[in-house]
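Hydrogens, waters and symmetry mates play no part in the numbers below; they use all other heavy atoms, side chains included. Being a predicted model, the structure only gives us computed values, none of them experimental. By convention in this document, chain letters (A, B, ...) are assigned in the order of the sequence lines, proteins followed by strands, and residues within each chain are numbered from 1.
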Amino acid sequence: MGNRQQRVLAFVYRWLMDRYGPQGWWPLVACDGVNPTKTGATKGYHPGDYTYPRTDDQRVEICVGAILTQNTAWTNVEKALGNLQRAGRLSLSALAATPVEELRELIRPAGYYNQKAAYLQNLVAFLMAHEPGDITREALLTCKGVGNETADSILLYAFSRPEFVIDAYTKRIFLALGLCDERSSYMSMKQQVESAISPDVVVYQEYHALLVEHAKQHYNKKPFGIGDPLINIVKALK
DNA sequence: AACCAGGACGTGA
DNA sequence: TCACGTCATGGT
């Protein structure tokens, strides 16, 4: 029964990669990656280069971005990250030394800045207290402010672990393609993909990024999925 | 002028 | 478990 879903998920990945090309997630402020074929925003992305993150600071930047982007447009996150970098606060030690009032002001453009400032301080303390090899999904989830998607984003993009990320876009697309229903849980969808696509950090990184890019084309205004060619293609698939 | 953005938490059924 | 209110800025 999972056999068709398996084929569909593999097909969708190839189709998206064919259409959009490598996405080069996660974006980094101090990264000069450029891909002229990419259709979406290219700033800070490094398509085809899977050697990131290269430094502890880049790892921290990804973790910070994962918190800041919660229910927030990435353009707003970029402003906050820019503030942090200009203030020299985009490192673990600098963040740990930043008073929460200052942190709030720096990340204000990302919204929910009171909550997120506290979440960031939690996460910074957590990261300082754990070795990279020591960081498990369960451990991350004990941080207040780190839920399923944020944990998986951190693991996949900052620590190169094969954890598939589900987000609101993924659910919209999977709904339209008949791969899940309205009340499918985060974990059920994650496990569905992870049992269909063998664990591979690069594939998981690209697949999630490709789903976001595709959703930005066809799934960010209601009714979702209008004009998405995948719907009919997948429907015709056996 | 609504509506949505790469969610998570606290609460009450 | 799960549905609902809350958190907040900025672009379309």
Is Gly147(A) touching bases, backbone alone, or none of the nucleic acid, heavy atoms closer than 4.0 Å?
sugar-phosphate
Examine dA8(B): is either OP1 or OP2 under 4.0 Å from a nitrogen or oxygen in the side chain of Asn71(A)? Give yes or no.
no
For Glu213(A), is there an ion pair with Lys216(A) - N to carboxylate O distance below 4.0 angstrom?
no
Calculate the interatomic distance between Ile154(A) atom CD1 and dG6(B) atom P; express it in whole Å.
17 Å
Side-chain N or O of Arg172(A) closer than 4.0 Å to phosphate OP1/OP2 of dA5(B)
yes
Whole angstroms only, please: what is the CZ-P distance between Phe164(A) and dG6(B)?
16 Å
Touch check for Arg108(A), heavy atoms < 4.0 angstrom, all strands: base, sugar-phosphate only, or nothing?
sugar-phosphate
Once you round it to whole Å, what is the distance between C1' of dG6(B) and CG of Asp152(A)?
13 Å
With the stacking rule set at 5.5 Å and 30°, tell me whether Tyr119(A) counts as stacking on dA8(B).
no
Quiz item: cation-pi between Arg172(A) and Phe224(A), 6.0 Å / 45°:
yes
With a 4.0 Å cutoff (strictly under), does any side-chain N or O of Thr150(A) reach OP1 or OP2 of dA8(B)?
yes
Of Gln70(A) and Thr75(A), the one whose closest nucleotide on DNA chain C sits nearer the 5' end is Gln70(A)
For the side chain to side chain contact (heavy atoms under 4.5 Å, CB included) test, which of Thr69(A), Leu68(A), Val212(A) pairs with Trp74(A)?
Thr69(A)
Could you tell me whether the phosphate oxygens of dC4(B), OP1 or OP2, come under 4.0 Å of any side-chain nitrogen or oxygen in Lys222(A)?
yes
If the C1' atom of dG5(C) is compared with that of dG6(B), how far apart are they to the nearest Å?
22 Å
Give one of base, sugar-phosphate or nothing for Val77(A), where a contact means two heavy atoms less than 4.0 Å apart.
nothing
Euclidean distance, atom NZ of residue Lys221(A) to atom C1' of dA1(B) [Å, nearest integer]
18 Å
Any Pro229(A) side-chain heavy atom under 4.5 Å of Trp15(A) side chain
yes
I'd like to know if Tyr186(A) reaches the base of dG6(B) with its side chain such that a donor and an acceptor end up less than 3.5 angstrom apart.
no
Can you measure Lys79(A) atom NZ to dA8(C) atom P for me and round it to whole angstrom units?
18 Å
Lys144(A) side chain N/O closer than 4.0 Å to the phosphate oxygens (OP1, OP2) of dG10(B)?
yes
How many whole angstroms separate atom CD of Glu213(A) from atom C1' of dA5(B)?
15 Å
Classify the nucleic acid contact of Asn76(A) as base, sugar-phosphate or nothing, counting any heavy atom under 4.0 Å across all strands shown.
base
Please work out if Glu149(A) contacts a base, only the sugar-phosphate, or nothing of the nucleic acid, heavy-atom cut-off 4.0 Å.
sugar-phosphate
Quick one: is dC9(B) close enough that its OP1 or OP2 comes under 4.0 Å of any side-chain N or O from Lys116(A)?
no
Whole-Å distance separating the CD atom of Gln217(A) from the P atom of dA5(B):
14 Å
Side-chain N or O of Tyr113(A) less than 4.0 angstrom from OP1 or OP2 on dT9(C)?
yes
Would you mind classifying the nucleic acid contact of Ala168(A) as base, sugar-phosphate or nothing, using non-hydrogen atoms under 4.0 angstrom?
sugar-phosphate
Mind checking whether Ile154(A) and Arg161(A) have side chains closer than 4.5 Å, heavy atoms only?
no
Would you please determine if the base of dG6(B) is stacked by Trp25(A), with stacking meaning a centroid separation under 5.5 angstrom and planes under 30 degrees?
yes
Given side chains that start at C-beta, do those of Leu140(A) and Leu123(A) come closer than 4.5 Å, heavy atoms only?
yes
Distance check needed: dG6(B) C1' versus Lys216(A) NZ, whole Å only.
7 Å
